[in-house]
Amino acid sequence: MDKIRARFAPSPTGELHIGGARTALFNWLFVRRYGGKMILRIDDTDKQRSTEEYLDTIINSLTWLGLTWDEGPEKGGDFGPYMQSQRLDLYNKVLERLIADGKAYYCFCTTEELEQQKEKDQREGRPPRYTGLCRNLSYHEVEEKKAACANNYVIRLLVPEEGDTVVEDVIRGWVTFENKGLGDFIIRKSDGLPTYNFASAVDDNLMQVTHVIRAEEHLSNTPRQQIIQEQLGYNAPVYAHVPMILAPDHSKLSKRHGATSVQEYRDLGILPEALINYLALLGWSPGEDREIMDIEEMVERFSLEKVSKNPAIYDLQKLTWLNSHYLRSLDLERIKEEAIPFLLKHGHISMEDVSKKEKTIGKVIELVREKVRTLEEIAEASVYFFHDEFPYEEKGTEKHFRQEGARNLLEEISSCLTSIEPFQAEEIKEGLQVLSKQKDIPLKKINPLLRFAVTGQTMGPDLMNTLEVLGKEKILERLEKAASICSS
RNA sequence: GGCCCCUUCGUCUAAUCGGUUAGGACACCAGCCUUUCAAGCUGGCAACAGGGGUUCGAAUCCCCUAGGGGUCACCA
């Protein structure tokens, strides 16, 4: 087989959606697996909705996920430019050829006329389809109308009414479409830009794309693209239409279902490793019951044939579970780097603290990451490490502070801790054990109270280490404060 | 509505050519461990959409029905 070339072709009309991210992932894995080239092409033929900001966020998201490309805008390559809006000359040349060959024609029908025709078709039980009103205009008629309509015309492809178009899809096999169901569709819009089907078909050929891996919503459009390629004498690429990602209610994923873009998951404190791993599992099975994989293992195992055919419903809980796994198992340095922005955002630390309190920050993250599932939760769960003012949980207050003898015990603990030196986990543990024995109070009673008094929470990371990180001074202050609450 | 795709636990999925107690993971439940549990360990619950065929034998092959999704744009 020739050198494999696959492309990811987002349109910059929104942020990178998780469905798009998975499509990009599958393209990337495929290319890496078989040693091909990855192309990033920007399908920005929708002049109204495309923006540079969206382009930036898409590129940001891809980069954050680690999905790199060999050719693309900025980066360049032998088949550029990689923005469709910069390829208009190319499309126009192809268009001219099609018209000269009588394979495409100008159409001057107005929206109203088309609307009427459509209604009539529906009334009379015909499928609404363009029937070729402008198909047989003479050269003079075309010139006349062109002059009269101020360039407000489109170009349509003359679609054969007989025969079938067969699409080769790696995931679905051979899919047959009847040509008569297609109609003469538009390939250039009145603003002079090509339509998606046309630009896509032309570019896939010009960029020598061998495999088109994209979402299933494009399957029904594929025969159109293939007919364009046929009319142009191109060979069609191999297709792979990956199943859609649906919301829990089986509908198309939308804003009302919560986070749908990569950027939103990032803001929620999801790690790229977790998102990649989760997305890989959605619609693809690596075999041998593998679940947690790094990207290299995915590359080794990936194949389009093992991509499933049915749509997948995304499940936030599994993503979160994977995230908690990576939170715990990745290098602390890595997690630190990712968590610090969240600590800053929550006002736990300042910019100067990042280097000034680096060691403490590292220790806090190391402790807290064992207990939480997202970077956001690291920040939420570490309030008491960074602030002396923190709320006491309701149920804990009830359970610990309203307890008979609570104040007394807190004072005992306080004096016990005062003498511990050095103030480190091991020593603290021993000290508390001694206290437990002397007073004949089980640690099961001492420790939870102590935790609650100094953190305001009934649960949290390892207590001894928490105490060590907090430091004696703070703890003694907090114990005193807690004791005063008990007495009131 | 026409056309196209799809259908295994609640969810993601596995089950080489038809023969499995239909496997794993998340979630859920229970037990254990522990200074806490939101961690860890162990165990449990839970599925072949329905109906016809073909076959000694069907989740697997064929047909029909139902359900879901996509597409039929001067959006991609």
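All chains are named by letter (A, B, ...) in the order of the sequence lines, taking the proteins before the strands, and each is independently numbered beginning at 1.
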Using the C1' atom on both, measure B:A47 against B:A25 and round to a whole Å.
15 Å

Could you tell me whether A:Gly183 contacts a base, only the sugar-phosphate backbone, or nothing, with contacts defined as non-hydrogen atoms closer than 4.0 Å?
nothing

Would B:C64 be called syn or anti here, given the cut-off of 90° from 0?
anti

Rounded to whole Å, how long is the line connecting atom CG of A:Asp462 with atom P of B:G40?
16 Å

A:Val154 side chain: which of B:C74, B:G40, B:U36 is closest?
B:C74

Have a look at A:Arg373 and say if it touches a base, only the backbone sugar-phosphate, or nothing, with a 4.0 Å heavy-atom cut-off.
nothing

Would you indicate what A:Val175 reaches in the nucleic acid, counting non-hydrogen atoms under 4.0 angstrom: base, sugar-phosphate, or nothing?
sugar-phosphate

Separation of the P atoms in B:C6 and B:C61, to the nearest angstrom:
12 Å

A:Thr176 near the nucleic acid: base, sugar-phosphate alone, or nothing, with a heavy-atom cut-off under 4.0 Å?
sugar-phosphate

Separation between the C1' atoms of B:G43 and B:C48, rounded to whole Å:
25 Å

Could you check whether A:Thr45 gets within reach of a base, just the sugar-phosphate, or nothing at all, counting any heavy atom under 4.0 Å?
sugar-phosphate

Check: A:Asp315 side chain, B:A27 base, donor-acceptor under 3.5 Å:
no

Counting any heavy atom closer than 4.0 Å, what does A:Leu219 reach on the DNA or RNA strands: base, sugar-phosphate only, or nothing?
sugar-phosphate

Between P of B:U11 and CG of A:Leu281, the distance in whole Å
16 Å

With heavy atoms under 4.0 Å as the rule, sort A:Ser190 into base, sugar-phosphate or nothing.
base

For the C1' atoms, the ones on B:C4 and on B:U8, what distance do you get once it is rounded to whole angstrom?
23 Å

Please give, in whole Å, the distance from B:C72 P to A:Asp184 CG?
16 Å

For B:U11 and B:A46, measure between their C1' atoms and round to the nearest Å.
12 Å

B:G18 to B:C62 separation - C1' atoms, rounded to the nearest Å:
13 Å

Give one of base, sugar-phosphate or nothing for A:Lys252, where a contact means two heavy atoms less than 4.0 Å apart.
sugar-phosphate

Please classify the nucleic acid contact of A:Arg451 as base, sugar-phosphate, or nothing, using heavy-atom distances under 4.0 Å.
base

Give A:Ser308 one of three labels, base, sugar-phosphate or nothing, depending on what nucleic acid heavy atoms sit under 4.0 Å from its own.
sugar-phosphate

Flag the pair A:Tyr130 / A:Phe185 as yes when their ring centroid distance falls below 6.0 Å, and as no otherwise.
no

Reference residue A:Ile413; test side-chain contact (heavy atoms from CB on, under 4.5 Å); the match among A:Asn408, A:Leu435, A:Ile441, A:Asn447:
A:Leu435

Within this structure, what is the NZ-to-P distance between A:Lys371 and B:U36, rounded to whole angstrom?
10 Å

In a check of side-chain contact (heavy atoms from CB on, under 4.5 Å) between A:Leu275 and each of A:Asn323, A:Leu322, A:Ile270, which one passes?
A:Ile270

Check every strand shown and say whether A:His218 touches a base, only sugar-phosphate, or nothing at a heavy-atom separation below 4.0 Å.
base

With respect to A:Asp184, which candidate in A:Arg224, A:Arg135, A:Lys103 satisfies the salt bridge (Lys or Arg N to Asp or Glu O under 4.0 Å) definition?
A:Arg135

I'd like the P distance from B:U16 over to B:A59, given in whole Å.
13 Å

Round to a whole Å and report the spacing from CD of A:Glu217 to C1' of B:C72.
14 Å

CG of A:Leu322 versus P of B:C12: gap in Å, rounded?
15 Å

Any side-chain N or O of A:Asn465 below 4.0 angstrom from OP1/OP2 of B:U35?
no

Candidate pair A:Phe26 and A:Trp284, rule side chain to side chain contact (heavy atoms under 4.5 Å, CB included), full reasoning
CA-CA 9 Å; A:Phe26 284 6; A:Trp284 170 60; 3.7 Å; yes

Provide the distance between the two C1' atoms, one in B:C12 and one in B:U7, to the nearest whole Å.
15 Å

Of A:Lys429 and A:Ser251, the one whose closest RNA chain B nucleotide lies more 5':
A:Lys429

Between C1' of B:A38 and CD of A:Gln317, the distance in whole Å:
13 Å

Over-ring placement of A:Lys145 relative to A:Tyr106, 6.0 Å and 45° cut-offs:
no

Mind checking if A:Asn310 touches a base, just sugar-phosphate, or nothing, with heavy atoms under 4.0 Å?
sugar-phosphate

Counting the atoms with a prime plus P, OP1 and OP2 as sugar-phosphate, which does A:Gly181 contact under 4.0 Å by heavy atoms, base, sugar-phosphate, or nothing?
nothing

Any sub-3.5 Å donor-acceptor pair from A:His257's side-chain atoms to A:Ser254's backbone N or O?
yes

Remember a base hit wins even if backbone is also touched, and classify A:Arg224 as base, sugar-phosphate or nothing at under 4.0 Å, heavy atoms.
sugar-phosphate

Does the base of B:G70 carry an N or O that pairs as donor and acceptor with the side chain of A:Glu216 under 3.5 Å?
no

